[in-house]
J.: 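Quick one: structure below, then a few questions.
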Amino acid sequence: MSLQSLLREKRVLVLCGAGGVGKTTTAAALGVAAARAGRKVLVLTIDPARRLAEAMGMAEGGSEPTAIPPERLFAGGAPGTGRLDVWMLDPRVVFERFVKRLSDTPEAARNILDNRLYRFLSDLVAGMQEYAAAEALDNFLDEGRYELVVLDTPPSRHALDFLEAPGRLARFLDDRIVSLFLPEDKGRGGRLWRKTSQLLGNVLGGIFGESFTHEMRAFMGAFSGLFAGIRMRADRLRSRLSSPDAAFLLVTSPEEASLEEAGFFRDMLREKGLPFAGYVLNRSWAREDGLAHPEALLRHVEDDGAARDGVKALMHLAENERVRAEAHRGLLARLAERLPAGAVAVAAPEAGGDLEDFGGLVRLGEALATP
């Protein structure tokens, strides 16, 4: 297995890792490589750095993915059949699309979206990046527009929460307490439920007024029609991400904290039974096996003491680089030793800082996808 075969064969590629390891850049570069290889690709990201967003041509707050122009995607080469779209997830936009999609009619969706209680609920959902990632991913997989979706998860230990977010929302909305706010024809029924619901309505009416209580019941009644869809989509997404069509890549760096985080994610994937595809080692010198040796410069500066001192300083720096590169290669080897069958451990070439333009993403993607 190689990253090239993952990009060619998988339908979903999920990248996890700590903040600051280059995860979003790696997701973008892999999306570029897959598109240039001929696939229709979507890169979903949460909050990319401004420079990367500009390099990708990402529109902030857009309601639809942004297409990378073919002349940009295939610059410097022959045009191909692949396509690349990118989208910066906006939880409010995702949630509104979800309501429209699951409502029986446009009027039913409008009854929810126009209700002032929906704005309160959407404010809560706006902070649920994990839910937005799950809902958007499931929607795009269901539509079938893309052959590969690359998801860049939030940079935290809660990144895998997006797997559980739809289920948690479904359980919350379908809870017995929530059912008490439903109109009588949509509630659970039964004498106890009716008495409890009536008591709650009287209390709320006395505090907020009858109009508010009526508005809340109407909203919950309209929204209750989506409960079954929420549960179904939660189960479907979990099934999709557990299938052979999906793969989870862990992005790390040589720093101890990042490696610990990668180990944590690896344990979580194993615990959840999700397909672990391997590691990408960023911010490393593991691929720098062609470092120059400045010793050869000494014979050119034999008669210049200051120049000889400068060369010796370069020799010292070169030795430090060699030792670092050797240590990082050893680290990559140790990561590879712990892999399950078919998984990969790949080092990204040192880019010397943030990638400045789209061409940098092309080069990085090609380097990662090289067998």
Side-chain angles (χ1 to χ4, degrees), residues 42 44 59-66 85 87-146 162 165-190 193-194 196-198 200-202 204-205 207-237 240:
L42 171 66
L44 286 173
E60 186 173 356
S63 60
E64 291 290 336
T66 301
D85 290 358
W87 196 31
M88 190 187 311
L89 286 167
D90 183 333
R92 285 189 177 86
V93 172
V94 171
F95 198 53
E96 183 171 328
R97 287 159 61 105
F98 154 79
V99 170
K100 290 179 177 178
R101 210 163 37 246
L102 264 65
S103 296
D104 293 333
T105 64
E107 291 73 23
R110 186 50 51 197
N111 287 338
I112 296 174
L113 298 175
D114 287 347
N115 192 295
R116 59 175 172 158
L117 293 179
Y118 169 79
R119 292 192 289 274
F120 171 73
L121 181 60
S122 66
D123 285 341
L124 292 179
V125 172
M128 296 172 58
Q129 291 182 331
E130 294 85 1
Y131 177 79
E135 169 57 29
L137 178 59
D138 183 76
N139 176 48
F140 286 116
L141 291 176
D142 198 41
E143 288 181 352
R145 275 196 278 166
Y146 301 99
F162 82 94
R168 285 201 303 271
L169 183 62
R171 289 191 295 273
F172 167 73
L173 292 174
D174 203 23
D175 187 83
R176 292 185 180 186
I177 295 176
V178 173
S179 76
L180 294 173
F181 294 89
L182 297 174
E184 187 168 343
D185 61 337
K186 293 181 179 290
R188 293 176 180 268
W193 180 88
R194 286 195 299 272
T196 306
S197 179
Q198 184 179 22
L200 181 61
N202 292 338
L204 290 175
I207 298 174
F208 299 106
E210 291 297 329
S211 61
F212 173 82
T213 304
H214 177 76
E215 184 179 12
M216 181 180 62
R217 289 193 185 280
F219 172 73
M220 294 305 297
F223 203 86
S224 67
L226 310 184
F227 289 176
I230 294 173
R231 289 194 300 273
M232 181 273 291
R233 294 166 79 83
D235 294 340
R236 183 175 64 187
L237 179 62
R240 282 172 164 168

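Residues take their numbers from the sequence shown, with the count starting at 1. The model shown is predicted, which means the values in this text are computed figures rather than measured ones.
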J.: Just so I know, are the side chains of R240 and L137 near enough to count as touching, which here means a heavy-atom distance under 4.5 Å?
T.: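 No, side chains not in contact.
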J.: Would you say L113 and K100 make side-chain contact, with heavy atoms under 4.5 Å?
T.: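 Yes. Closest side-chain heavy atoms under 4.5 Å.
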J.: Shortest non-hydrogen contact from F140 to R97?
T.: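 The pair with the smallest heavy-atom distance is CZ-NH2, 3.9 Å.
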J.: Does some side-chain heavy atom of N139 sit less than 4.5 Å from a side-chain heavy atom of R101?
T.: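 With C-beta onward as the side chain, the pair touches.
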J.: So which atom in V94 and which in A136 form the shortest heavy-atom distance, rounded to 0.1 Å?
T.: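 So the two residues come closest at CG1-N, 4.0 Å.
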J.: Quick one: do D142 and R236 satisfy side chain to side chain contact (heavy atoms under 4.5 Å, CB included)? Show the steps, please.
T.: CA-CA 10 Å; D142 198 41; R236 183 175 64 187; 3.4 Å; yes
J.: Would you say Y146 and L44 make side-chain contact, with heavy atoms under 4.5 Å?
T.: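 No - every pair of side-chain heavy atoms lies 4.5 Å or more apart.
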J.: Does a salt bridge link D85 with R145, judged by any charged N lying under 4.0 Å from a carboxylate O?
T.: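 No.
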J.: Using 0.5 Å steps for rounding, measure from the CG atom of N111 to the OG1 atom of T105.
T.: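 Reported to 0.5 Å precision, the distance equals 7.5 Å.
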